[in-house]
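A quick write-up on the structure given underneath.
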Amino acid sequence: MADADYAPDAGELARLRERARFIRLETIRLIEIAKVGHYSSVFSCAEIFASLYYGVMALRQGDPRWEERDRFLMGKGHAAVGLFPVLADKGFISRELLDGYTRLGSPLGDHPDMAKVPGIDFSSGSIGHALSNGAGIALGGRMRGRSYHVFVMLGDGEMQEGQVWEAALFAAHHRLSRLIAIVDRNGYQLDGKVDEVMGVEPLRDKWSAFGWDVHEVDGHDLSALTALLRRLKADTARARPACVIARTVKGKGVGFMETEPGWHLGYLAPADARAAIDEIMAREI
């Protein structure tokens, strides 16, 4: 079946867009509590979060330990501030916890901790380890006869880590067809443009050479992104792990962040926060 057969209808698409907007707005609210955070890193993957948690992954409301749930791991753990509101929305953590984000004693930190936060499948922050763990979870699921899928979101700067490619070899060798990697290809990392720090292209050819089924998509096009992920999940004939290269924009949704790499980590003054919120509310990504 073609991707179009898996595309969300108009009502669902509107809901997914609303959830992506919710993720951006909550990110601004929570970083206001912390006084510093990774706005633009979340904004590039807000549609990925929305697509996975509201349109693709098998989850049970209020039950983060359901054995057959799909798993999600983040290599770019610094985007956790955008994921925590989703976990609260899914009933995995209380909404009240969000109001104490990063405060002393809170389980919600700048990076996710699976020992403290229900719904977090991997404690990330040290870049490069998520795909290895995702491969292990996928292989473990197969050995235990489970049917869940494992989604791993990686930053494009993370492609510079050797462990990513060791994990890619491992996953292809073991034919982990229920493992789907998503590369948030926003073009920037902490030190600047990815391809100026250390070039990673041609990504499609590299993943393919490592034995993966590779696809590219506009990571902000919720219809195309959701349809592709659904098709990959439904494809029982595929014998290889899949990689989705999601072409995104760092800071997407707020114009002055899209053109300024310094927003990888920062803080919005009140007037700037108001302007960012107004733009997010007015724009349809």
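Everything numeric in this text was worked out from a predicted model, so none of it was measured.
- Salt bridge Glu258/Arg283: present, at least one basic N to carboxylate O contact under 4.0 Å.
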*Check the pair His38 / Trp263 against side-chain contact (heavy atoms from CB on, under 4.5 Å), numbers first and verdict last.*
CA-CA 7 Å; His38 299 273; Trp263 284 107; over 6 Å; no

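- In this pair, Trp207 and Trp212 present their aromatic rings perpendicular. The plane angle is above 60°, beyond the 30 to 60° band.
- Interatomic distance, NZ of Lys76 versus CE of Met74, reported as 9.0 Å (0.5 Å rounding).
- Atom CD of Glu32 and atom CZ of Arg29 lie 10.5 Å apart (nearest 0.5 Å).
- Taking CG of Asp184 as the start and OG of Ser44 as the end, the distance is 3.5 Å to the nearest 0.5 Å.
- Among all heavy-atom pairs drawn from Ile137 and Asp121, the shortest one is CD1-O, 4.3 Å.
- Closest approach of Ala273 and Ile28 over heavy atoms only: CB-CG2, 4.5 Å.
- Of all non-hydrogen atoms in Leu13 and Ser223, the two that sit nearest each other are CD1-N, 3.7 Å.
- To the nearest 0.5 Å, atoms CD (Glu279) and CZ (Arg274) are separated by 12.5 Å.
- The minimum heavy-atom distance between Leu268 and Tyr39, with the atom names listed, is N-OH, 3.0 Å.
- Considering Val56, Asp221, Val217 in turn, Val56 is the only one that fulfils the side chain to side chain contact (heavy atoms under 4.5 Å, CB included) rule with Thr226.
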*Give the intermediate values and the outcome of side-chain contact (heavy atoms from CB on, under 4.5 Å) for residues Val42 and Arg24.*
CA-CA 7 Å; Val42 174; Arg24 289 185 170 91; 5.8 Å; no

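- Here the rule is side chain to side chain contact (heavy atoms under 4.5 Å, CB included) with Leu87, and of Val117, Leu97, Leu98 only Val117 fits it.
- Across Phe49 and Leu83, no two heavy atoms sit closer than the pair CE1-N, 3.9 Å.
- Salt bridge annotation for Lys90-Asp63: absent, with no cationic side-chain nitrogen under 4.0 angstrom from a carboxylate oxygen.
- Note that CG of Leu131 and CD of Glu158 are 8.0 Å apart. Values are rounded to the nearest 0.5 Å.
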*Any chance you could lay out the side-chain contact (heavy atoms from CB on, under 4.5 Å) test for Ile180 and Val152, step after step, and finish with the verdict?*
CA-CA 6 Å; Ile180 299 174; Val152 181; over 6 Å; no

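- A distance of 11.5 Å separates CZ in Arg238 from CZ in Arg175, rounded to the nearest 0.5 Å.
- Note that Arg71 lies in the cation-pi zone of Tyr148, set by a 6.0 Å cut-off to the ring centre and a 45° limit from the axis.
- Side chains of Met159 and Leu203 form a contact here, defined as non-hydrogen atoms less than 4.5 Å apart.
- Looking at every heavy atom in both residues, Val200 comes nearest to Asp195 through N-OD1, 3.4 Å.
- Remark: the Tyr54 side chain and the Asp89 side chain contain an N/O donor-acceptor pair separated by less than 3.5 Å.
- Using a cutoff of 4.0 Å between basic side-chain nitrogens and carboxylate oxygens, Arg231 and Asp235 are not scored as salt-bridged.
- Asp156 pairs in a side-chain hydrogen bond (donor to acceptor under 3.5 Å, both in side chains) with only one of the listed residues (Arg185, Arg247, Gln189, Lys250), which is Arg185.
- The side-chain heavy atoms of Asp113 and Ile120, taken from C-beta on, include no pair separated by under 4.5 Å.
- A salt bridge does not link Glu201 to Lys193: none of the charged side-chain nitrogens sits closer than 4.0 Å to a carboxylate oxygen.
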